[in-house]
Amino acid sequence: MKKIISKSWEPEKYEKKLYSTWESKGYFKPEINPEGEPYSIIMPPPNANGSLHLGHAVFVTLEDIMTRYARMQGKAALWLPGADHGGFETQIVFEKKLEKEGKSRFGMDRNELYRMMWDFSLENKSGMEDQLRKLGASCDWDREKFTLDEDIVKIVNETFVKLYNDGLVYQDLRPVNWCTKHQTSLSDLEVKYEEQTDPLYFVKYQISNIKYQKYKSKIKNSEYLTIATTRPETIFGDTAIAVSPNDKRFAELIGLSVKIPLTEIEIPVIADKMVDPKFGTGAVKITPAHDPNDFEAGKRHNLEIKEVIDQYGRLNEKAEPFAGLKIFEARRQVVEAMKEKGILEKVDENYIHTVGKCYKCGAVIEPRVSKQWYIAVNKKGKKSGKILAKDALEAVKTGKIKFVSEKFEKIFYHWLTNIRDWNISRQIVWGIRLPVWYRKSNIKDQISNVKNADQKSQNENTKNAISTREVGFDSSGVGDGEVSEVYVGINPPDGWIQETDVFDAWFSSGQWPFAALKAQSGLSSKVQKSKSPESSDDYQKFYPTAVMETGWDILFFWVARMIMLGLYETSQVPFKTVYLHGLVRDKDRQKMSKSKGNVIDPLGVAEQYGTDAVRLALVFGTSAGNDIVISEEKIRGMRNFTNKIWNASRFVLINISGGDIAAGEVGDIRIQNTEYSSEYLTEADQQVLKVHKVIKSKVIKYLENYQFSQAAELLYDFFWHDFCDSYIEASKQQLAPPRESTKKDTKVQNYKSEIATSQTTRHDGNNETMRQWDNEVSENTKKVLIKILSETLAMLHPFIPFVTEAVWQELREVYSELKKSIMISTWPK
RNA sequence: GCACCCGUAGCUUAGUGGUAGAGCAUUCGGUUUACAUCCGAAGGGUCGUCCGUUCGAGUCGGACCGGGUGCACCA
């Protein structure tokens with residue numbers, strides 16, 4: 001009986017079924033190769049706050065290729081899936097969702113809000129798991145972890161406590177990047193600087209000391225000292241005017257005082273090296289509470305930190321009569337008032353400078369002095385002797401960690417050598433609360449303070465505030481309530497109250513490789529995973545992991561932190577290789593964004609063209625570190641290839657089954673002759689075998705070097721052109737049964753005698769010999785077809801798992817020697 | 001300002017010392033017999049410019065031109 005399969009590849013009929021078979025048979029588990037060398041990849045846990053986009057599809061494809069390849073090489077391959085709570089990002093998504101539903105977070109307490117976000121995240125998490133399955137991810141679901149799992153949280157807290165006891169965690173009052181929309185501090189990485197044009201105001205400060213007469217003789221119009229500023233609304237917070245110590249123009253003024261316009265408060269004129277005499281007027285106002293440089297200058301000169309802008313980005317009572325106004329409106333009104341009083345000397349409307357903005361909402365970052373928790377990255381641990389940044393740098397320099405592509409090593413060095421301490425506390429609800437505790441008696445007052453502030457903002461219908469600092473420190477920053485007793489540890493003394501700030505989510509995901517594995521091992525947790533008892537020594541077995549594969553855009557956010565925290569906690573590198581992929585762009589090289597309307601939904605196109613087509617489109621023509629250009633046309637092209645595979649297989653199936661070969665006998669097909677010099681192998685046979693052999697070694701070389709695109713393109717080209725266009729075409733003649741020459745068969749017979757002529761020693765014109773030769777050629781052709789097809793399918797499997805498995809299963813029905821799944825078959829050598 | 005990357009066919013891009021490759025697009029031809037989600041063929045590149053190293057350079061070095069990115073920052 002001839003085996004005939006449908007005329008085209010219909011992914012929707014197979015994908016789901018195949019995936020659940022793989023999963024239920026345990027093929028995703030490293031235990032499928034119990035004796036194999038351990039190989040592990042920890043999945044970058046997607047934020048559980050939405051659905052997967054093409055960027056996720058990229059990591060799924062690449063990591064799945066690596067995992068499937070390792071597995072087929074007989075390694076105990078573990079790809080450990082996970083999800084991240086996403087901290088700040090998730091809270092933003094959730095806030096938007098609330099807004100859409102016409103709800104407000106006000107009136108909700110912290111616990112209620114947290115619970116809602118928990119449900120929201122779990123729902124998204126389970127949706128994303130389904131999507132990962134749809135994309136063919138061969139990860140071990142029994143080992144899945146979430147960054148808020150009890151055992152993970154415990155590990156994260158323990159690391160914090162260890163850092164604290166080692167002197168590498170500290171709390172400090174200093175200017176932070178404050179987003180007035182989201183009401184939280186941000187790390188330096190979360191601030192994006194943008195160039196913009198703003199007016200530069202030249203403001204006159206009246207010189208109040210009598211000695212100015214002397215000065216007057218030198219400069220015209222000298223009752224005033226003029227400064228240049230972009231932020232006139234902060235003058236209420238001025239505590240000095242600074243000039244350069246080397247600037248002769250102002251030498252006489254140092255030590256005198258000037259009056260702040262509008263308030264008439266006197267402030268000193270000081271000399272500080274930070275001032276560039278060539279900029280503006282050579283004199284600058286110092287506002288320590290609202291500018292990081294001024295804060296430093298203030299420290300040098302013991303100046304008061306006078307805060308005039310609150311957490312909501314409004315002027316406070318110190319700026320009467322402008323109190324309550326938002327920064328922009330305040331600036332407008334202050335400038336008006338200055339104009340009226342004639343103290344605005346001039347305005348340069350075309351001043352270009354860079355402004356820090358919240359990377360998420362684009363709101364201008366307001367530097368505010370606030371108490372936050374920091375990790376010291378350049379300091380030596382007093383117990384461990386470790387230095388976070390330096391040790392990380394060393395690991396890369398000594399080659400313990402390699403980057404693909406290498407160019408990232410330079411970028412990594414540059415960043416790490418300039419790194420500053422990391423602010424890890426966030427004033428949001430969604431995250432892991434710091435294991436920091438305060439004694440109750442000290443914070444009562446503060447609780448009421450903050451409640452009042454919240455009440456106020458609620459009344460004024462301020463949309464974007466979630467104040468979470470119910471305890472610990474009030475949100476006004478400066479003048480934070482004195483908390484005399486602080487305890488950092490997992491188990492607090494009785495009656496103490498926990499800090500409400502939560503960790504920057506990168507602090508927990510920065511521990512992900514060892515945390516996710518240790519949590520499996522139960523090394524740090526009472527919670528033993530009953531699901532996978534065989535994994536009790538996962539950390540021992542799989543750490544350090546083989547590869548960390550992720551996007552280069554989170555090299556600093558995540559990869560650098562994993563290296564630092566991994567080395568700190570485990571004294572080993574968390575991974576030996578870092579493979580960084582690029583950003584996904586459309587065919588015009590544009591970033592994909594909803595507003596541009598050029599977003600391709602990976603699940604949508606997978607539905608339409610098949611998952612395999614999408615995966616292949618994501619590796620074809622791409623390389624590590626470079627952007628990934630994809631278009632629907634490209635996906636369509638790859639769909640054509642999967643269909644080509646299906647149809648070539650259809651041809652092979654039709655020809656190796658049925659006819660004069662019974663299905664049972666096909667099981668014996670084996671290519672014995674490795675040198676391809678059999679007397680019954682035609683030139684076409686030998687040619688394709690020869691090329692195929694070269695392809696096999698090249699593909700291995702490419703995969704070992706993370707050149708996935710190279711491997712895929714080589715296989716694509718070989719399969720389509722060498723195998724289909726050349727060999728299958730030739731095989732049509734070779735498979736034809738020997739028969740009398742007819743008009744119809746002239747072509748075939750001519751071809752045959754052509755081949756036969758090339759095998760002159762075997763061809764003596766005798767019909768019997770000819771028939772014998774024909775049979776042998778035909779038999780060998782079938783063997784060659786099966787060998788080439790099955791081995792090429794195996795090599796293509798990591799890239800396009802579904803169509804290769806579907807065909808494999810069909811092939812198995814006529815050629816029973818194949819392993820029961822291509823997934824667990826042996827890599828062709 | 002400091003640093004990094006890129007410039008190859010109309011478009012998107014592989015290729016890192018040995019006679020320029022692919023996909024898409026274009027043009028022409030074919031195709032009842034695995035596949036029109038197909039087959040065959042063609043056109044199209046002085047590999048940004050210049051100089052150098054080398055028997056030999058898209059590939060290594062230098063300068064320049066053009067495009068992009070990261071980090072830091074001046075009121």
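Computed from a predicted structure; not experimentally measured. Any value given below was found using the heavy atoms of this structure, including those in side chains, with hydrogens, waters and symmetry copies removed. Chain letters run A, B, ... following the sequence lines, proteins first and then strands; every chain starts at 1.
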### Message
Starting the side chain at C-beta, find the nucleotide from B/C35, B/G40, B/U69 nearest to A/D725.
### Response
B/G40
### Query
Has the side chain of A/S8 got a donor or acceptor atom sitting under 3.5 Å from an opposite partner on the base of B/C35?
no
### Query
Honestly, is A/R231 close enough over A/Y201, meaning NZ or CZ under 6.0 Å from the six-membered ring centre and within 45° of the axis?
no
### Query
Between A/K192 and A/Y359, is NZ or CZ placed under 6.0 angstrom from the six-membered ring centre and within 45° of the ring axis?
no
### Message
I want to know whether A/Y727 and A/F719 have ring centres closer than 6.0 Å.
### Response
no
### Task
Do nucleotides 3-17 of chain B as a string where each nucleotide becomes B, S or -: B if the base has a protein heavy atom under 4.0 Å, S if just the sugar-phosphate does, - if no protein is that close.
SSS------SSSS--
### Query
Can you tell which of B/A34, B/G23, B/U37 lies closest to the side chain of A/N643?
B/U37
### Query
Does A/E194 come within less than 4.0 Å of A/K357, counting only side-chain N to carboxylate O?
yes
### Query
Can you tell me if the side-chain N/O atoms of A/Y193 get under 4.0 Å from OP1 or OP2 in B/C73?
yes
### Task
Compute the centroid of each ring, for A/H353 and then for A/Y351, and state whether the two points are separated by less than 6.0 Å.
yes
#### Entry: With A/I267 via side-chain contact (heavy atoms from CB on, under 4.5 Å) - residues at least two apart
A/Y205, A/D238, A/I241, A/V258, A/I260
### Message
Is there a side-chain contact between A/N640 and the phosphate of B/C38, meaning an N or O under 4.0 Å from OP1 or OP2?
### Response
yes
### Query
Which base, if any, makes a Watson-Crick or G-U wobble pair with B/A42, both distances under 3.5 Å?
B/U26
### Query
Between B/C38, B/C71, B/U69, which nucleotide has the shortest distance from any of its atoms to the side chain of A/K644?
B/C38
